[in-house]
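Right, one structure below, let's go through it.
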2 protein chains.
Amino acid sequence: MSLEHALLGLLSERPASGYDLLKLFDTSLANVWHATQSQVYSALIRLSDTGMIEIVAEGPRGRKTYALTADGLTELRQWLTASSPRDEVRNNILLRAFFLDVVDSDQARAYFADVIQMSNEGQREPEEPSEDYEEVCPDYRSMVLEYDRRLTAMRRDWAEWAGTQIK
Amino acid sequence: MSLEHALLGLLSERPASGYDLLKLFDTSLANVWHATQSQVYSALIRLSDTGMIEIVAEGPRGRKTYALTADGLTELRQWLTASSPRDEVRNNILLRAFFLDVVDSDQARAYFADVIQMSNEGQREPEEPSEDYEEVCPDYRSMVLEYDRRLTAMRRDWAEWAGTQIK
DNA sequence: GTAAACATGTAACAGGTTACATGATTGT
DNA sequence: ACAATCATGTAACCTGTTACATGTTTAC
């Protein structure tokens, strides 16, 4: 249940509403984990029902601010340490590349060009840590950004190499 | 519907049964796309119902050999060329790394050690192309293997670097 | 006043996982 | 005879997507 753990993780930093959390998925976690609006709101209700989080404030327009509970923090720590992560392989880009021999060389080359373009565009500006963000000594957020930079570069180089291999 | 397209792709190479296809997901596509037994068999029925594939032979133990139809090949080509692939971000490894500040430094270091170990283990032997495999000029299969090698190396280097950043 | 942003909720459907269920064939 | 492998099918459940539905507040 990674989506729920992602929510617990985000709330471990500070309390937030569903709306806030949704924005965090599109910014901080944009290259890490995806979630839809529908998913976030229903997960918050579930997490609230099981006591992992609680409503700590209500604001205008029905806004509900949630905070992590002690149980929620325990669960988050458990998830982070309990088992080794496994790489869930479902790579759309590679899947297509795998079957490129059913199209002609020009179309295959065009495909790798698309991958290169995607890699060049996809590079987001590293966000400055916000003022109210308390700097923790080992900066795991920037380690994730660094992974992203390396992945993007790797993918671009690979697609360039692959493009030249055709014919 | 990438799962169904993966099946069309595999069948474009040669006819196969559900059982055969399942093994291909665990070998050729092990680092590309994951599928369960349950999924494969029901997808084959759907694809057969919509005329993308057809039963070309029946063997012992109820074995059914499926082959791609002309419509199926058209659909496969369509999928490969129609739209740019988008990177679907759901990276379990990164998600955990992102929240490592809720555990202590030793546990965080252990996490990166796990990632390194996983990367070292995960490296599968590149399979020799089988005898009856007709060599196509640009070898897209080996391009996918190359991507994998680069990804594994990148991830190992990143985890090593990240581990040293702690404290 | 009105558009943009804020803010939530739910229903229908598609895709994926786990577990159960069954049986035939091959090799030793 | 027995185990391993071959071979398929289905039901319950969980996760994720798309679309609909509603209303408030802020800024211009």
Side-chain angles (χ1 to χ4, degrees), chain A residues 1-8 10-11 15-27 29-30 32-50 52-66 79 83 85-92 95, chain B residues 1-8 10-11 15-27 29-30 32-50 52-66 79 83 85-92 95:
Chain A
M1 267 185 304
S2 296
L3 191 254
E4 297 190 5
H5 289 115
L7 288 167
L8 297 180
L10 290 170
L11 289 172
S17 68
Y19 192 85
D20 296 336
L21 292 163
L22 204 52
K23 277 187 298 181
L24 290 170
F25 276 100
D26 285 339
T27 53
L29 293 182
V32 178
W33 202 267
H34 179 254
T36 62
Q37 177 261 351
S38 170
Q39 251 183 312
V40 169
Y41 284 107
S42 45
L44 287 172
I45 291 166
R46 274 198 309 278
L47 288 168
S48 191
D49 286 348
T50 54
M52 299 290 118
I53 62 175
E54 60 184 352
I55 297 171
V56 289
E58 302 205 30
R61 281 161 294 197
R63 179 190 169 93
K64 293 170 195 165
T65 305
Y66 292 93
W79 172 70
S83 57
R86 60 191 185 95
D87 187 20
E88 295 175 18
V89 266
R90 222 159 243 148
N91 187 328
N92 200 21
L95 183 64
Chain B
M1 269 186 302
S2 295
L3 190 256
E4 298 190 4
H5 289 115
L7 288 167
L8 296 180
L10 291 170
L11 289 172
S17 68
Y19 192 84
D20 296 336
L21 291 163
L22 205 52
K23 277 187 298 181
L24 289 171
F25 276 101
D26 285 339
T27 53
L29 293 182
V32 178
W33 202 268
H34 178 254
T36 62
Q37 178 260 353
S38 172
Q39 252 183 312
V40 169
Y41 284 106
S42 45
L44 287 172
I45 290 166
R46 274 199 307 280
L47 288 169
S48 190
D49 285 348
T50 54
M52 299 290 118
I53 63 176
E54 59 184 354
I55 296 170
V56 289
E58 302 204 30
R61 282 161 295 198
R63 179 190 168 93
K64 292 170 195 166
T65 305
Y66 292 92
W79 172 70
S83 58
R86 60 192 185 95
D87 188 20
E88 295 175 16
V89 265
R90 222 159 244 149
N91 187 327
N92 201 20
L95 183 64

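Chain A is the first sequence line, chain B the second, and so forth, proteins listed ahead of strands; every chain is numbered from 1.
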Restricting to nitrogen or oxygen on both sides, can you table the protein-nucleotides 22-28 of chain D pairs closer than 3.5 Å?
none

Polar atoms only, N or O, under 3.5 Å: list the protein pairs with nucleotides 15-19 of chain D and their distances.
residue: D:dG16; atom: OP2; partner: A:Gln39; partner atom: NE2; Å: 2.8
residue: D:dG16; atom: O5'; partner: A:Gln39; partner atom: NE2; Å: 3.2
residue: D:dG16; atom: O3'; partner: B:Arg90; partner atom: NH1; Å: 3.4
residue: D:dG16; atom: O3'; partner: B:Arg90; partner atom: NH2; Å: 3.4
residue: D:dT17; atom: OP1; partner: B:Arg90; partner atom: NH2; Å: 3.4
residue: D:dT17; atom: OP2; partner: A:Gln39; partner atom: OE1; Å: 3.3
residue: D:dT17; atom: OP2; partner: B:Arg90; partner atom: NH2; Å: 3.2
residue: D:dT18; atom: O4; partner: A:Ser38; partner atom: OG; Å: 2.9

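Checking C:dA7, D:dA7, C:dG9 against the side-chain heavy atoms of A:Tyr19 singles out C:dA7 as nearest. Comparing C:dT8, C:dG9, D:dT8 by their closest approach to the side chain of A:Arg63 singles out C:dT8.
For the pair A:Leu7 CG and C:dT8 P, the computed distance is 12 Å after rounding to whole Å. Atom CG of A:Leu24 is separated from atom P of C:dC6 by 13 Å (rounded to the nearest Å). Counting to the nearest Å, the P atom of D:dT5 and the CG atom of B:Leu22 are 15 Å from each other. Rounded to an integer number of Å, the gap from A:Tyr66 OH to C:dA7 C1' is 11 Å. If you take CZ of B:Phe25 and P of C:dT17, they are 11 Å apart, rounded to a whole angstrom.
At least one side-chain heavy atom of B:Thr27 sits under 4.5 Å from a side-chain heavy atom of B:Leu24. Considering only heavy atoms from C-beta on, A:Leu7 comes within 4.5 Å of A:Val40 through its side chain.
Sorted by first then second residue, the salt bridge (Lys or Arg N to Asp or Glu O under 4.0 Å) pairs that include residues 35-44 of chain B, not counting sequence neighbours, number zero.
Applying the ring-ring contact (aromatic ring centres under 6.0 Å, His included) test to B:His34 and every residue at least two apart in sequence or in another chain returns nothing. Listed by chain and residue number, A:Ser17, A:Asp20 satisfy the side chain to side chain donor-acceptor pair (under 3.5 Å) test with A:Arg63 (two or more places apart in sequence, or in another chain). Considering only residues two or more places apart in sequence or on other chains, A:Trp33 meets the ring-ring contact (aromatic ring centres under 6.0 Å, His included) condition with none of them.
The phosphate of C:dG9 (OP1 or OP2) has a side-chain N or O of A:Lys64 nearer than 4.0 angstrom. Between B:Tyr41 and D:dT8 there is a side-chain polar atom (N or O) within less than 4.0 angstrom of OP1 or OP2.
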